[in-house]
Amino acid sequence: MDPTVDPSVKSFIAVTADSHFPLQNLPYGMFSPTPHDEPRAATRIGDFVLDLAVIQNAGLLDAAGLPEGVFSHYVLNPFMELPTAQRRAVRVLLHGLLRADEPTLRDNEVLRGRALLPADSVTMQFPVGIGDYTDFYASREHATNVGTMFRGKDNALMPNWLHLPVGYHGRASSIILSGQDVVRPSGQTIPPDQETPVFGPCRLMDFELEMGFFIGTRNRQGEPVLVDNADENIFGLVLVNDWSARDIQKWEYQPLGPFTAKNFATSISPWIVTLEALAPFRCPSPAQEPAPLPYLQENNRGTFDINLEVHIQAEDDSEGLRVTESNFKYLYWTMAQQLAHHTVTGCNLNAGDLLASGTISGPDKNSYGSMLEISWRGT
Ligand code: MN
């Protein structure tokens with residue numbers, strides 16, 4: 001087992017059993033100690049962020065041979081694009097530094113005070129300079145539900161769907177950090193039983209429960225990523241909410257797909273979880289029938305078991321309501337297959353590009369990943 005995911009190893013920082021940030025996670029993000037400070041890179045342990053610029057300047061990451069100041073940029077990209085082996089070396093060093101039996105940071109009160117800051121005292125910042133954003137449609141259950149609503153049960157899946165991961169090129173400029181306000185979009189909609197559109201604010205705002213992965217190592221133009229090597233190009237995963245204006249989408253989407261209905265805001269989580277941290281949660285991916293073409297055939301790499309929930313909270317309701325319990329493992333097309341298909345033409349992906357999964361719906365009503373499906377088109 002990779003020692004960085006060994007559950008028996010504890011940190012000198014106390015971490016509660018239900019924390020998303022045990023020593024085995026060590027995600028990456030950007031933060032500012034106060035809203036006025038320049039952003040710098042961090043990892044997270046329990047209720048603390050660890051300032052990676054401070055740790056690097058103290059010489060504690062020298063063994064990884066990092067470029068000077070790699071954690072002091074406005075985004076994580078300069079770190080993300082380093083060779084995979086170098087990024088993994090940083091993870092091993094951070095894990096070693098935070099172990100309960102390692103005194104270097106634990107017993108250095110001055111350094112600890114500068115490097116470890118209470119998470120609730122800092123401001124999380126947008127983590128990545130995203131050059132390009134692609135959104136897939138990789139959940140069979142979601143595609144079947146939407147197809148059934150709009151084309152009937154017999155034609156639910158389009159003829160291509162079981163042969164390739166369908167996707168579209170999305171809008172990178174409007175991707176925002178979770179928690180940031182979204183302005184309700186206006187646009188053209190077509191009222192029931194009318195032939196000409198009206199203009200006004202969207203009345204069918206929807207969420208889409210998704211996850212996305214960031215590219216780390218880039219591939220050169222003309223050189224596809226092979227499905228069995230895809231992990232080498234993946235930096236890590238975030239939660240994604242692909243805000244969708246359903247009424248605008250319905251009128252505008254044919255024949256070229258979503259446009260303004262999906263270009264106004266997409267939210268991502270502030271912490272990026274690496275594939276190394278997710279390794280213990282690998283599980284089989286759904287059986288694929290018919291077998292995909294050889295360039296999409298994976299050598300049993302599988303997918304990840306990640307529980308996902310959606311809660312809706314009204315302004316006057318402190319509790320909120322859980323409306324969905326889904327799981328990343330339901331996705332029919334894996335990240336490796338999405339990456340192999342995206343680049344099969346020779347399309348080059350750069351460090352910081354975001355590839356999102358599409359709505360992740362499970363097999364039953366309680367696991368649908370959008371309000372479109374939960375409300376069954378408002379019926
Ligand atoms: Mn989407």
Side-chain angles (χ1 to χ4, degrees), residues 128 130 132-151 156-158 160-161 164-178 180 182 184-185 187 202 204-215 237-269 303 306 308-312 323-324 326-335 337-339 341-342 349 353-362 367-378:
V128 177
I130 303 178
D132 277 303
Y133 161 48
T134 301
D135 197 19
F136 283 92
Y137 194 55
S139 156
R140 182 175 188 163
E141 288 80 4
H142 174 68
T144 303
N145 287 340
V146 174
T148 302
M149 277 180 242
F150 290 96
R151 288 186 301 276
L157 287 184
M158 299 293 260
N160 60 2
W161 202 93
L164 57 83
V166 169
Y168 70 97
H169 289 115
R171 185 76 201 164
S173 66
S174 54
I175 303 178
I176 55 175
L177 199 61
S178 175
Q180 235 176 291
V182 174
R184 181 182 295 268
C202 165
L204 293 177
M205 266 290 274
D206 203 354
F207 58 82
E208 289 191 335
L209 167 60
E210 307 194 14
M211 289 193 75
F213 62 95
F214 280 110
I215 300 299
L237 281 76
V238 283
L239 296 168
V240 176
N241 181 352
D242 179 22
W243 298 101
S244 299
R246 296 293 181 210
D247 42 1
I248 296 172
Q249 183 180 357
K250 188 184 168 204
W251 169 236
E252 75 171 6
Y253 86 100
Q254 286 174 317
L256 289 186
F259 185 26
T260 66
K262 286 170 178 282
N263 75 1
F264 58 94
T266 302
S267 301
I268 63 167
S269 57
T303 185
I306 306 170
L308 299 167
E309 296 183 358
V310 176
H311 296 242
I312 296 180
V323 295
T324 282
S326 189
N327 193 299
F328 187 75
K329 71 181 177 189
Y330 295 141
L331 290 171
Y332 187 84
W333 295 105
T334 66
M335 290 186 285
Q337 290 175 320
Q338 293 166 29
L339 192 41
H341 184 66
H342 200 307
L349 297 174
D353 284 0
L354 178 65
L355 277 64
S357 60
T359 307
I360 307 171
S361 291
S367 58
Y368 291 171
S370 68
M371 195 51 87
L372 176 68
E373 294 160 271
I374 294 169
S375 72
W376 207 257
R377 214 180 167 183

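In what follows, residues are counted from 1 in the order of the sequence shown. Atoms within a ligand are numbered from 1 in the order they appear, just like the ligands themselves. Remember, predicted model here, so these are calculated numbers, not experimental data.
The Mn ion (ligand 1) is closest to atom OD2 of Asp242 (considering only N, O or S atoms). Closest N/O/S atom of Glu210 to the Mn ion (ligand 1): OE2. Within Glu208, the N/O/S atom positioned nearest the Mn ion (ligand 1) carries the name OE1. Here the N, O or S atom of Asp135 that is nearest to the Mn ion (ligand 1) is OD2.
Ring orientation note: the planes of His342 and His169 are nearly perpendicular, at an angle over 60° on the 30°/60° scale.
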#### Entry: Full working for salt bridge (Lys or Arg N to Asp or Glu O under 4.0 Å) between Glu208 and Arg246
CA-CA 11 Å; Glu208 289 191 335; Arg246 296 293 181 210; 2.9 Å; yes

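Once rounded to the nearest 0.5 Å, the distance linking OG1 of Thr266 with CG of Asn263 reads 9.0 Å.
Using modelled atom types and a 3.5 Å distance limit, the side chains of Thr303 and Lys329 yield no donor-acceptor pair.
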